[in-house]
Amino acid sequence: MGDAIAYVRFARYAVPLAAPVSDAKVATGRQRPLSQIDVLTCEIGTRDGLRGLGFSYTTRAGTPAQYAHVREVGESLLGRDPSDIGKTYEALLWAGASVGRSGVATQALAAVDVALWDLKARRAGLPLAKLLDAHRDSVRVYNTSGGYLQAPLDEVKERAAQSLADGIGGIKIKVGQPDMKEDLRRLAAVREHVGDGVPLMVDANQQWDRASALRFGRAVEDLGLVWIEEPLDAYDAEGHARLAAALDTPIATGEMLTSVAEHIGLIEAVDVIQPDVPRVGGITPYLKIAALADHAHTQVAPHFVMEIHVHLAAAFPRESWVEHIEWLAPLFEERMRIEGGRMAVPDRPGLGLSLAGRARDRLIDDVEFHGSGR
């Protein structure tokens, strides 16, 4: 008889940021500053004594709904073969079919799906990247957390220099303010500060219309940007395609989409697609997106959660980028190793992560299920 899931624990954590951050959505009045990340974790144990750890997250709202969803469907995991990830994922989708196959419901399942992949790689004694057929042992890494709009320009420049000194290979700063001239001023100053040889990206967080995005893109063509991120509404595939065709600077987007189906139209419209494992519902749907992108010769640069995405970027056929944002570090014992502009794939089995003892200080609620279940 094969192994079976005997234990499942879901937990909600609130991880405060050192200081609130603001992007263009705040500058244009659409959102409030971001002050914490809410995280849903899933721990799975089997009768053979194996363990898997996964997580999802939200910003500003959503984790209580995710937690409520897994409380309803989580017990159905008991007794299942943990290696049957696709079968289990489909069963959980059908358990919550009345609320759809994208958004909060599947984002809740992402924590389960990641835990099952983590467990499978641990069973094999391999880092997740190698289980997924890694193409490399490290990936290019850029920093975002130092480039938010609430920070004065001198601070942005200082943090960019520090990131480079710490071994990070590229810098991304936020743009999309009501006054585009201010964006251009900050961007030119950062480019001058870091030098022409440093990879530099910008992120407008969907705040421009098509004409404004084109005007900005033309104004920065000579800065040699790696990409312009989220220049338009995330669902405007036609607008992104037109923009990508009109500019030499690559166009990137995709982080806000929540299913495989939503990514299909954008994959061939842009130069870089940016799926997010927790937002699309887990590693299982992410791998489908990556396969579609590879077929279309579109680059993949996953959004946030570097702790998961370093493995998936290493397993993508083309050289990719991973986003360095350190906000989830208080939850885990381990740290990502960065050197020479690259983030190393952990050599520990699975994701190579374990919850830190200090994470208990950030615990909001948890629930456990035990037994054979079926």
Side-chain angles (χ1 to χ4, degrees), residues 1-12 39-58 62-124 128 131-132 257-264 275-292 305 308 311-312 350-351 365-374:
M1 185 175 181
D3 199 3
I5 296 172
Y7 165 79
V8 183
R9 175 180 181 261
F10 296 105
R12 287 174 54 204
V39 177
L40 171 68
T41 63
C42 176
E43 298 172 79
I44 292 176
T46 77
R47 288 201 296 251
D48 287 351
L50 295 173
R51 293 290 184 268
L53 171 65
F55 65 93
S56 184
Y57 76 94
T58 60
T63 298
Q66 291 182 6
Y67 182 67
H69 188 73
V70 293
R71 281 180 65 98
E72 286 194 273
V73 304
E75 192 170 7
S76 67
L77 287 164
L78 297 175
R80 292 187 174 277
D81 187 331
S83 294
D84 294 340
I85 298 177
K87 181 179 179 181
T88 299
Y89 194 87
E90 184 175 0
L92 291 175
L93 282 176
W94 279 107
S98 65
V99 290
R101 298 191 180 190
S102 66
V104 167
T106 50
Q107 289 166 3
L109 301 186
V112 177
D113 187 71
V114 172
L116 290 172
W117 279 103
D118 179 54
L119 191 156
K120 193 167 195 172
R122 292 191 194 201
R123 182 191 294 276
L128 179 61
L131 183 75
L132 297 174
L257 305 185
T258 62
S259 69
V260 176
E262 290 175 356
H263 279 79
I264 291 174
D276 179 312
V277 160
R279 283 186 179 163
V280 301
I283 292 171
T284 296
Y286 178 100
L287 292 174
K288 296 177 182 179
I289 294 168
L292 290 169
V305 289
I308 299 172
H311 292 274
L312 300 179
L351 293 173
D365 198 1
D366 68 333
V367 62
E368 299 180 6
F369 301 104
H370 298 264
S372 61
R374 293 182 300 157

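On a predicted model such as this, the values are computed, not experimentally measured, just so you know.
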*asked:* For K120, run the side-chain contact (heavy atoms from CB on, under 4.5 Å) check against L50, D84, L131, L128 and tell me which one passes.
replied: L131

*Is a donor on one side and an acceptor on the other found under 3.5 Å between the side chain of Y7 and the backbone of E368?*
no

*Quick one: list whatever passes salt bridge (Lys or Arg N to Asp or Glu O under 4.0 Å) with E262, sequence neighbours left out.*
none

*Which atom names give the shortest non-hydrogen contact between T58 and G62, and what distance separates them?*
CG2-C, 3.8 Å

*Examine distances only and state if a side-chain atom of R279 and a backbone atom of P275 form a donor-acceptor pair shorter than 3.5 Å.*
no

*Using side-chain contact (heavy atoms from CB on, under 4.5 Å) as the criterion, list what pairs up with A11, not counting sequence neighbours.*
R9, Y13, T41, L363, D366

Would you be so kind as to tabulate the donor-acceptor pairs closer than 3.5 Å made by side chains of residues 108-119, with sequence neighbours excluded?
from: D113; atom 1: OD1; to: T284; atom 2: OG1; distance (Å): 2.6
from: D113; atom 1: OD2; to: I283; atom 2: N; distance (Å): 2.7
from: D113; atom 1: OD2; to: T284; atom 2: N; distance (Å): 2.8
from: D113; atom 1: OD2; to: T284; atom 2: OG1; distance (Å): 3.4
from: W117; atom 1: NE1; to: T284; atom 2: OG1; distance (Å): 3.1
from: D118; atom 1: OD1; to: R122; atom 2: NE; distance (Å): 3.4
from: D118; atom 1: OD1; to: L351; atom 2: N; distance (Å): 2.7
from: D118; atom 1: OD2; to: L53; atom 2: N; distance (Å): 2.7
from: D118; atom 1: OD2; to: R122; atom 2: NE; distance (Å): 2.9
from: D118; atom 1: OD2; to: R122; atom 2: NH2; distance (Å): 3.0

*By salt bridge (Lys or Arg N to Asp or Glu O under 4.0 Å) - contacts of D48 (at least two apart)*: none

*Could you pull out all residues at least two apart from F10 that satisfy ring-ring contact (aromatic ring centres under 6.0 Å, His included)?*
none

*Nearest 0.5 Å, what's the CG-CD1 distance between D81 and I5?*
8.0 Å

_R12: partners by salt bridge (Lys or Arg N to Asp or Glu O under 4.0 Å), with sequence neighbours left out_ = none

*Between R123 and D3, what is the shortest heavy-atom contact and its length?*
NH2-OD2, 3.0 Å

*Separation between OG of S76 and CH2 of W94, rounded to the nearest 0.5 Å*: 15.0 Å

*State which residue, out of V277, V280, T258, fulfils the side-chain contact (heavy atoms from CB on, under 4.5 Å) condition with Q107.*
T258

*Do the non-hydrogen side-chain atoms of Y57 and L40 ever get within less than 4.5 Å of each other?*
no

